[in-house]
Amino acid sequence: MSPTLVLSLIAGYFVVLIIISILTSRKATSESFFIANRNAPWYMVAFAMIGTSLSGVTFISIPGMVASQSWSYMAVVLGYIVGYLVIGTVLMPLYYRLRLVSIYTYLEQRFGFWSYKTGAFFFLVSRAVGAAFRLFLVAGVLQLAVFDGLGVPFAVTVTISILLIYLYTFRGGLKTILWTDTFQTMAMLLCVGVSIYLMADELNLGFAGLVKTVKESTMSQIYFSDPKDDKFFWKQFASGAFITIVMTGLDQDMMQKNLSCRSLPDAQKNMFWFTLAIVVVNVFFLSLGVLLYQFAAAKGIQLPTNPDTGKVIGDNVFPLLATNHFSLFAGIVFILGIIAVTYASADSALTALTTSFCVDMLDIQQYDEQRQKRLRHLTHFGFSIVLIIIILIFRAINDQSVITSVFKAAGYTYGPLLGLFSFGIFTRRGLHDRLVLPVCVAAPLLTWFINEHSEAWWGYKFGFEILMLNGLITFLGLLAISRPRTAAELNPAG
């Protein structure tokens, strides 16, 4: 596949997004930027959220991981169902009752100024690092496949990519994102579907043969045997539930779309149908992974391996096969799919970062619309630059183990959010507000220390459930600095 062809595809793709932006951002206000005027159809939100909840990392890693992890990830996906149930029945009614724009405003109403700013700060750090990391990995794929051949430096590739996202989101914000993410979700699903169909055709599999091949593969097993194994089903299941509660229900990026629905019942319908869709989509991704390895084996293709361990590098499998061994049409579909899922996640993250900073840090709603617009545009541009800088720092480090550690550390920052919201919802106690930040900083550090030594101490290897430990430590720390609430706090309306 020639770099010129891929570049043309990318350019055409962004032209479509910019056209959508122009059409949807007319007469845009701060309310339409932040919450789409609370007038978004629930079915559109549900569909757009599929692309937002995934990423280029998901697109590449889930199919690639089946050789080493089999279908253990499916336990996480099934846990999502419990998490989304909690979001729809516990968190959404709370957010709609308080008519929140930023979900972290709840922490101010419940605990005070420092709790509020602490929650917003942890979201801003984790989402900025997480979004930059995802873009970094996919930008590396595109750089290798396209831009190195054209002599374009990595810094230029990243800068142009981020500024294009800025260009089609800075006016309309969420109002535009709902439309662009709908388009990008369609492109991503088309890519997965076409890839599965083409590989099944290459392997001479009809639908029944396809299902049988996936079902009987050793790569589709789920682990129930050893509770100490990080792939054990119930550990993964519980982790999936808590990951969903935190990274959807306590994440401004994901909840911003839900808050744009016309009413709570609409938002709950959106969550129900989105839950079904995301489970099905992940089944497709895992099935695709099995077919990728079956395809490589049938064609005698040598997959890339780690020179130190000799194991296949899962993240390289799909890109390698799609760009070097699939047909031209399939390669084009892959490029469009990875662009779609990457930018559906990135544009939503950029908008959520802008929303949280404007509402939580600048208290933008106190100003007139004209000043809100100026501050919003400056913040949006500022976070675009922040993402570029973080990605270039990752590139300068150029050590995958260090970068992965940084990304995992960012994931730890969701633990304090889990602890804060849980303490607010499930207890009636207040907090010594100024002590909240030290507790929320100490909890991830203590979690990291336990995780580093757990195998040596107990022979136990933490997986995704590290989030639960982090949230529990935060909760206990908050309990230690808690106090009885005053009568005024229990009845603020007087």
Assign the ring pair Phe183 / Tyr13 to parallel, tilted or perpendicular, where the plane angle (0 to 90°) is split at 30° and 60°.
tilted
Say whether, by atom type as modelled, one donor and one acceptor occur between the side chain of Ser217 and the main chain of Val214 under 3.5 angstrom.
no
Atom pair CD1/OG of Ile177 and Ser260 - distance to nearest 0.5 Å:
11.5 Å
How about Asp360 and Ser102: does a side-chain donor come under 3.5 Å of a side-chain acceptor?
yes
Compare all side-chain heavy atoms of Phe326 with those of Phe334 and state whether any distance is below 4.5 angstrom.
no
Check whether any side-chain N or O of Tyr104 sits under 3.5 Å from a backbone N or O of Leu250 as a donor-acceptor pair, and report yes or no.
yes
Is there side-chain contact between Thr244 and Ile87, with heavy atoms separated by less than 4.5 Å?
yes
Reported CG-to-CG distance for the pair Asp251 and Leu417, which is rounded to 0.5 angstrom
8.5 Å
Is there a donor-acceptor contact under 3.5 Å from the side chain of Ser21 to the main chain of Leu17?
no
Would you indicate whether the side-chain heavy atoms of Thr105 and Tyr95 approach each other to under 4.5 Å?
no
When you compare the side chain of Ser356 with that of Met361, does any pair of heavy atoms fall below 4.5 Å?
no
Could you tell me whether the side chain of Ser220 and the main chain of Glu216 form a donor-acceptor pair under 3.5 Å?
no
Between Arg376 and Ser30: side-chain donor-acceptor atoms closer than 3.5 Å:
yes
Without swapping roles, check the side chain of Ser161 against the backbone of Thr157 for a donor-acceptor pair under 3.5 Å.
yes
Would you check if Asn282 and Tyr80 make a side-chain contact, meaning some heavy-atom pair closer than 4.5 Å?
yes
Give a yes or no on whether Tyr197 atom OH has more than 12 heavy-atom contacts from other residues, nucleotides or ligands under 6.0 Å away.
no
Going through the checks in order, is the ring pair (Phe, Tyr, Trp, His ring centres under 6.0 Å) test met by Phe394 and Phe133?
CA-CA 8 Å; Phe394 284 153; Phe133 181 77; 5.8 Å; yes
So does Tyr43 have more than 12 non-hydrogen atoms from other groups sitting under 6.0 Å from OH?
no
Could you pull out all residues at least two apart from Phe383 that satisfy ring-ring contact (aromatic ring centres under 6.0 Å, His included)?
Phe357
With a 3.5 Å distance limit and no angle check, can you tell me whether Thr351 reaches the backbone of Leu174 through a side-chain donor-acceptor pair?
no
How about Glu369: does its CD atom have over 12 heavy atoms from other parts shown lying under 6.0 Å from it?
yes
Is there a donor-acceptor contact under 3.5 Å from the side chain of Gln372 to the main chain of Tyr367?
yes
Thr379 (side chain) donor-acceptor with Thr354 (main chain) under 3.5 angstrom
no
Using only heavy-atom distances, determine whether the side chains of Gln294 and Thr213 contain a donor-acceptor pair under 3.5 Å.
no
How many angstroms lie between atom CG of Leu291 and atom CG of Leu288, to the nearest 0.5 angstrom?
6.5 Å
Evaluate the side chain to side chain donor-acceptor pair (under 3.5 Å) criterion for residues Thr24 and Thr176: first the C-alpha distance (whole Å), next the side-chain angles of each, then the deciding distance (0.1 Å), finally the verdict.
CA-CA 5 Å; Thr24 58; Thr176 295; 2.9 Å; yes
Decide if atom CZ of Phe285 counts as having more than 12 heavy atoms of other residues, nucleotides or ligands within a radius under 6.0 Å.
yes
Ser348 and its side chain to side chain donor-acceptor pair (under 3.5 Å) partner, picked from Asp181, Asp253, Thr180:
Asp253
Okay, side chain of Asn470, backbone of Ile466: is any donor-acceptor separation there less than 3.5 Å?
no
Are side-chain heavy atoms of Gln252 and Val359 found at a separation under 4.5 Å?
no
A quick test of your reading: do over 12 heavy atoms of other residues, nucleotides or ligands sit less than 6.0 Å from CH2 of Trp42?
yes
Nearest 0.5 Å, what's the CD-CZ distance between Glu31 and Arg38?
7.0 Å
Between the main-chain N or O of Gly249 and the side-chain N or O of Tyr84, is there a donor-acceptor pair closer than 3.5 Å?
no
So Thr355 and Gln256, side chain to side chain donor-acceptor pair (under 3.5 Å) or not? Walk me through it.
CA-CA 9 Å; Thr355 298; Gln256 193 166 350; 2.7 Å; yes
Between CD1 on residue Ile18 and CG on residue Leu23, distance to nearest 0.5 Å:
12.0 Å
Centroid-centroid under 6.0 Å between Phe295 and His325 rings
no
Evaluate side chain to side chain contact (heavy atoms under 4.5 Å, CB included) for Ile20 paired with Tyr168, printing each intermediate quantity in order.
CA-CA 8 Å; Ile20 293 174; Tyr168 74 80; over 6 Å; no
Are Val45 and Phe274 packed together at the side-chain level, in the sense that at least one heavy-atom pair is separated by less than 4.5 angstrom?
no
Phe123, CZ atom: more than 12 neighbouring heavy atoms under 6.0 Å
yes
Nearest heavy-atom neighbours spanning Leu210 and Leu205:
N-CB, 4.0 Å
Under 6.0 Å from the CE atom of Met44, do we count more than 12 heavy atoms belonging to anything else shown?
yes
How about Met188 and Gln184: do any of their side-chain heavy atoms sit closer than 4.5 Å?
no
